[in-house]
Protein chains: 2
Amino acid sequence: MVRIPKPGQPVRGSRSGAPIMALFDLIGRRWAMGVLWTLSEIGPATFRDLQDKCETISPAVLNQRLKELQAAQLVHKVASGYEVTAIGREIYQDLVPLGSTAKRWARQLSDQ
Amino acid sequence: MVRIPKPGQPVRGSRSGAPIMALFDLIGRRWAMGVLWTLSEIGPATFRDLQDKCETISPAVLNQRLKELQAAQLVHKVASGYEVTAIGREIYQDLVPLGSTAKRWARQLSDQ
DNA sequence: TGAAACGCTATGGAAAGTATAGCATATGGT
DNA sequence: ACCATATGCTATACTTTCCATAGCGTTTCA
């Protein structure tokens, strides 16, 4: 039962399936960005590796997210486990700047 | 009951509250990025405006997301409704490149 | 050939999201 | 003043998702 939001079909935020909204629907699920981020940073990893790096993710959710990310072709399986695809890496790279913005956000919140 | 993930506290993906994971925890909730994106694009907007633009969001969830985004200081209230803050806009701008990547992703998916 | 590691799946309960109705207040026109 | 409409939500009942935890079947390797 792997249902993923597809551009061109109704998704959250867009009945017509605007690509950005389909993507938000996909990666805006609990843990989805965290998994993509972690997998991009550590490279090919086994299920257990990922589970450890994500610290508190449950195997059920990790498995679910991996299925979705594979169905959306952001992640695929290789001999040594899971790996981000080319397009998955592009999305990760788009997310990278959020890292430093998040730090500024954190500083701003703590300054009060 | 507005609970938001705060950097420095345990969040999904990081027991120590890494800023990026706190941010993912916050904006990786259903509709959160869609609301931030929409609000950034249309400028200050009323609750009903936002509801219309988001097409299928329920008022309960919109209200909940707005509370969270306000608590996290990505959004605030002004005379004419809701508006993104400076740091909220920075995060939105970090998300903008995802728009074109999403289109490439969509094309790739439809090419098979 | 047994022990450990691996990749999940099962389960039951808690939390989150959804659709829809509707309320209280503000606003506008007659 | 009166009524209609718009606004910003809240309430309710229901469905879906998430979560923690246990554990199963398979592979690896000493």
Side-chain angles (χ1 to χ4, degrees), chain A residues 1-5 9-15 21-22 24-36 38-39 42-72 75-84, chain B residues 1-5 9-15 21-22 24-36 38-39 42-72 75-84:
Chain A
M1 203 133 311
V2 189
R3 298 206 58 75
I4 63 150
Q9 304 183 358
V11 295
R12 259 181 270 268
S14 166
R15 282 189 241 267
M21 290 301 164
F24 282 165
D25 196 351
L26 178 74
I27 68 177
R29 292 177 178 192
R30 289 205 164 76
W31 284 104
M33 286 187 289
V35 168
L36 184 60
T38 303
L39 191 56
I42 68 181
T46 66
F47 189 93
R48 269 347 216 230
D49 282 344
L50 260 176
Q51 212 183 324
D52 288 346
K53 292 288 181 186
C54 289
E55 297 190 11
T56 57
I57 197 171
S58 76
V61 172
L62 176 55
N63 191 230
Q64 180 70 26
R65 288 299 93 84
L66 283 172
K67 278 181 185 165
E68 291 161 2
L69 292 172
Q70 286 177 90
V75 164
H76 66 323
K77 276 193 186 179
V78 293
S80 51
Y82 295 94
E83 184 182 48
V84 295
Chain B
M1 207 121 317
V2 189
R3 300 204 57 76
I4 63 149
Q9 303 183 358
V11 295
R12 260 181 270 266
S14 166
R15 283 189 240 266
M21 290 299 163
F24 282 165
D25 198 351
L26 178 74
I27 67 176
R29 292 177 178 193
R30 287 211 165 77
W31 284 105
M33 287 187 289
V35 168
L36 184 61
T38 304
L39 191 56
I42 67 181
T46 65
F47 189 94
R48 284 307 232 252
D49 282 345
L50 261 176
Q51 214 184 323
D52 288 346
K53 293 288 181 182
C54 290
E55 300 191 8
T56 57
I57 197 171
S58 76
V61 171
L62 177 56
N63 192 231
Q64 179 69 26
R65 289 295 95 87
L66 284 172
K67 279 181 186 166
E68 292 161 0
L69 292 173
Q70 284 175 94
V75 162
H76 66 324
K77 277 192 186 179
V78 293
S80 51
Y82 295 94
E83 183 182 47
V84 296

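In what follows, chains carry the letters A, B, and so on, assigned in the order in which the sequence lines appear, proteins first and then strands, with residues in each chain numbered from 1. Everything numeric in this text was worked out from a predicted model, so none of it was measured.
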Rounded distance in Å - CG (B:Asp49) to P (D:dG8): 7 Å
Out of curiosity, A:Leu66 CG to A:Leu36 CG, how far, rounded to the nearest 0.5 Å? 10.5 Å
OP1, OP2 of D:dT10 versus side-chain N and O of B:Asn63: anything below 4.0 Å? yes
So, OP1 or OP2 of D:dC9: does either fall under 4.0 Å of a side-chain N or O from B:Lys77? yes
A:Met21 and A:Gly13: which non-hydrogen atoms are nearest, and at how many Å? CG-O, 3.7 Å
Here the distance between atom P of D:dC18 and atom CD of A:Glu68, to the nearest Å, is 7 Å
Listed range with range, the stems formed with DNA chain D by at least 3 consecutive Watson-Crick or G-U pairs (under 3.5 Å) are C:1-30 with D:1-30
Who pairs with A:Ala22 by side-chain contact (heavy atoms from CB on, under 4.5 Å), at least two apart in sequence or on another chain? A:Pro7, A:Val11, B:Trp105
Using a 4.0 Å cut-off to any heavy atom of chain A, which nucleotides of DNA chain C are the first and last in contact, reading 5' to 3'? C:dC6 to C:dT18
Any heavy-atom pair between the side chains of A:Gln64 and A:Trp31 that's under 4.5 Å? no
Report the residues that fulfil side-chain hydrogen bond (donor to acceptor under 3.5 Å, both in side chains) with A:Ser14, sequence neighbours left out, ordered by chain and then residue number. A:Ser16
Taking only residues two or more places apart in sequence or in another chain, which ones pass salt bridge (Lys or Arg N to Asp or Glu O under 4.0 Å) with A:Arg15? B:Glu55
Looking at residues at least two apart in the chain, or sitting in another chain, which of them share a side-chain hydrogen bond (donor to acceptor under 3.5 Å, both in side chains) with B:Arg30? none
List in chain and number order the residues that pass side-chain contact (heavy atoms from CB on, under 4.5 Å) with B:Pro59, two or more places apart in sequence or in another chain; answer none if no residue qualifies. B:Phe47, B:Gln51
Drop me the distance from A:Thr38's OG1 to A:Leu62's CG, to the nearest 0.5 angstrom. 10.0 Å
Under the side-chain contact (heavy atoms from CB on, under 4.5 Å) rule, collect the residues that match up with A:Glu83, sequence neighbours excluded. A:Pro44, A:His76, A:Val78
Between D:dT17 (P) and B:Gln64 (CD): distance, integer Å: 18 Å
Output all residues satisfying side-chain hydrogen bond (donor to acceptor under 3.5 Å, both in side chains) with B:Thr46, sequence neighbours left out; order by chain, then residue number. B:Asp49
Whole-Å distance, B:Leu50 CG to D:dG8 C1', equals 12 Å
Using a cut-off of 4.0 Å between protein heavy atoms and nucleotide atoms, how would you tag nucleotides 19-30 of chain D 5' to 3' with B, S and -? SBBB--------
